[in-house]
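Since the structure comes first, as structure tokens, the remarks are kept for the end.
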Amino acid sequence: MSARETTGRPDNPSAGLEAEPPARAEAAAVSGAEAALAAERRREASDLSRIGWLRDQLRRVAKRLPLHRRLSRGTAHGVMSACAAIVAYLPTQALGLREGFWSAITALAVAQTEFGATRSTARDQFAGAAIGGVIGLAAYLTIGASLPSYALAVLLSVLACWLVNVASAGRLAAITATILILVPHIGSVERMLGSRVFEVGWGVCVAITTVWVVTRINRRLGIVF
């Protein structure tokens, strides 16, 4: 009897290990992907923390500005906001929209002295109106105008904003759902939803355009606020 037969070992001792490297490689790839995702989340959290810190510092600096600087900045922001609100409101009257004031409210909410902050707020406004409007309409048509349907619409609106990674729009989505279900309106709820989304979208566009124009003018004139 040969040595191979007496020991019961295979001719190729490494044959049983050939299947292991692919499994190990797959596990390593999964582990690497998870580590990369975790690192990306940590970087996002760190960036958000830094942005929040910078905003707090800017607010503190603004509070310490001399009176004449606060007067000039407040006047400029007020004029810009008033212009954006009026431009957003006037066309809604010509179009016969009964709740054109939402365009003016949206323009006032979106208009910021910084263009980057304006874009971020505009995204939240439009996303909140669209998500809350669709979910509010679905709840209204499915269950009807009742407190259970309203509570469900608010819950789903906030949850949807979190799922699509626009959690900051959750409050606006819930407010839109509130308007659709609880506020009395003339005509169908579908028409109300269309008007609401159009008014918010128009207000957002006007605010972004106004801030962009004001920013360009300030840069050309060398004005710093």
Side-chain angles (χ1 to χ4, degrees), residues 44 46-133 157 161 164-176 178-179 192-225:
E44 290 179 357
S46 178
D47 292 340
L48 291 175
S49 178
R50 291 176 181 175
I51 292 173
W53 181 83
L54 288 174
R55 286 179 178 175
D56 291 339
Q57 295 300 316
L58 288 175
R59 289 172 183 171
R60 292 179 181 178
V61 171
K63 291 181 179 179
R64 297 176 182 176
L65 288 175
L67 178 61
H68 69 279
R69 290 292 302 276
R70 282 180 283 162
L71 178 62
S72 62
R73 295 186 69 172
T75 301
H77 194 182
V79 171
M80 180 180 65
S81 299
C83 292
I86 292 174
V87 172
Y89 179 73
L90 288 178
T92 62
Q93 297 299 297
L95 294 174
L97 297 176
R98 297 173 181 174
E99 296 181 345
F101 57 86
W102 284 113
S103 295
I105 292 175
T106 302
L108 291 173
V110 172
Q112 305 288 332
T113 54
E114 296 179 359
F115 187 67
T118 299
R119 288 187 301 178
S120 177
T121 307
R123 179 205 64 183
D124 293 347
Q125 288 281 336
F126 189 78
I131 293 173
S157 297
C161 290
V164 298
N165 203 25
V166 284
S168 54
R171 289 179 297 176
L172 297 169
I175 292 172
T176 302
T178 300
I179 294 171
M192 185 178 183
L193 171 60
S195 299
R196 168 74 170 152
V197 173
F198 174 80
E199 290 155 2
V200 170
W202 172 245
V204 164
C205 292
V206 170
I208 290 179
T209 303
T210 301
V211 174
W212 182 82
V213 170
V214 171
T215 301
R216 298 279 294 185
I217 293 175
N218 288 341
R219 287 180 180 176
R220 290 201 172 187
L221 297 179
I223 300 175
V224 180
F225 289 103

Seminar exercise, completed: Scanning both residues in full, the closest heavy-atom pair of Ala207 with Ala111 reads CB-N, 4.0 Å
Exercise. Does any non-hydrogen side-chain atom of Ile131 lie less than 4.5 Å from one of Val164?
Worked result: yes
Problem set entry | For Ala84 against Ala107, the heavy-atom pair lying closest together | O-CB, 3.8 Å
Problem set entry | Working for side chain to side chain contact (heavy atoms under 4.5 Å, CB included), residues Thr209 and Trp212 | CA-CA 5 Å; Thr209 303; Trp212 182 82; 5.5 Å; no
For this session: Begin with the C-alpha distance, continue with both residues' side-chain angles, and end with the deciding distance and a verdict on side chain to side chain contact (heavy atoms under 4.5 Å, CB included) for Glu199 and Thr106.
Result: CA-CA 8 Å; Glu199 290 155 2; Thr106 302; over 6 Å; no
Exercise. Ser81 side chain to Gly78 main-chain N or O, any donor-acceptor pair under 3.5 Å?
Worked result: no
Problem set entry | Check: Val110 main-chain N/O paired with Thr121 side-chain donor or acceptor under 3.5 Å | no
Seminar exercise, completed: Closest non-hydrogen contact found for Pro91 with Trp202 is CG-CZ2, 3.7 Å
Exercise. From Gln125 CD over to Ile208 CD1, what is the distance, rounded to the nearest 0.5 angstrom?
Worked result: 10.5 Å
For this session: Can you see which heavy atom on Tyr89 is nearest to which on Gly100, and at what distance?
Result: CD1-O, 3.6 Å
Exercise. How far does CD1 of Ile179 sit from CD1 of Ile175, to the nearest 0.5 angstrom?
Worked result: 7.0 Å
For this session: Compare all side-chain heavy atoms of Val197 with those of Phe126 and state whether any distance is below 4.5 angstrom.
Result: yes
Exercise. If you round to the nearest 0.5 Å, how far is OG1 of Thr176 from CH2 of Trp102?
Worked result: 7.5 Å
Exercise. Is the number of heavy atoms from other residues, nucleotides or ligands within 6.0 Å of CZ (Arg171) greater than 12?
Worked result: no
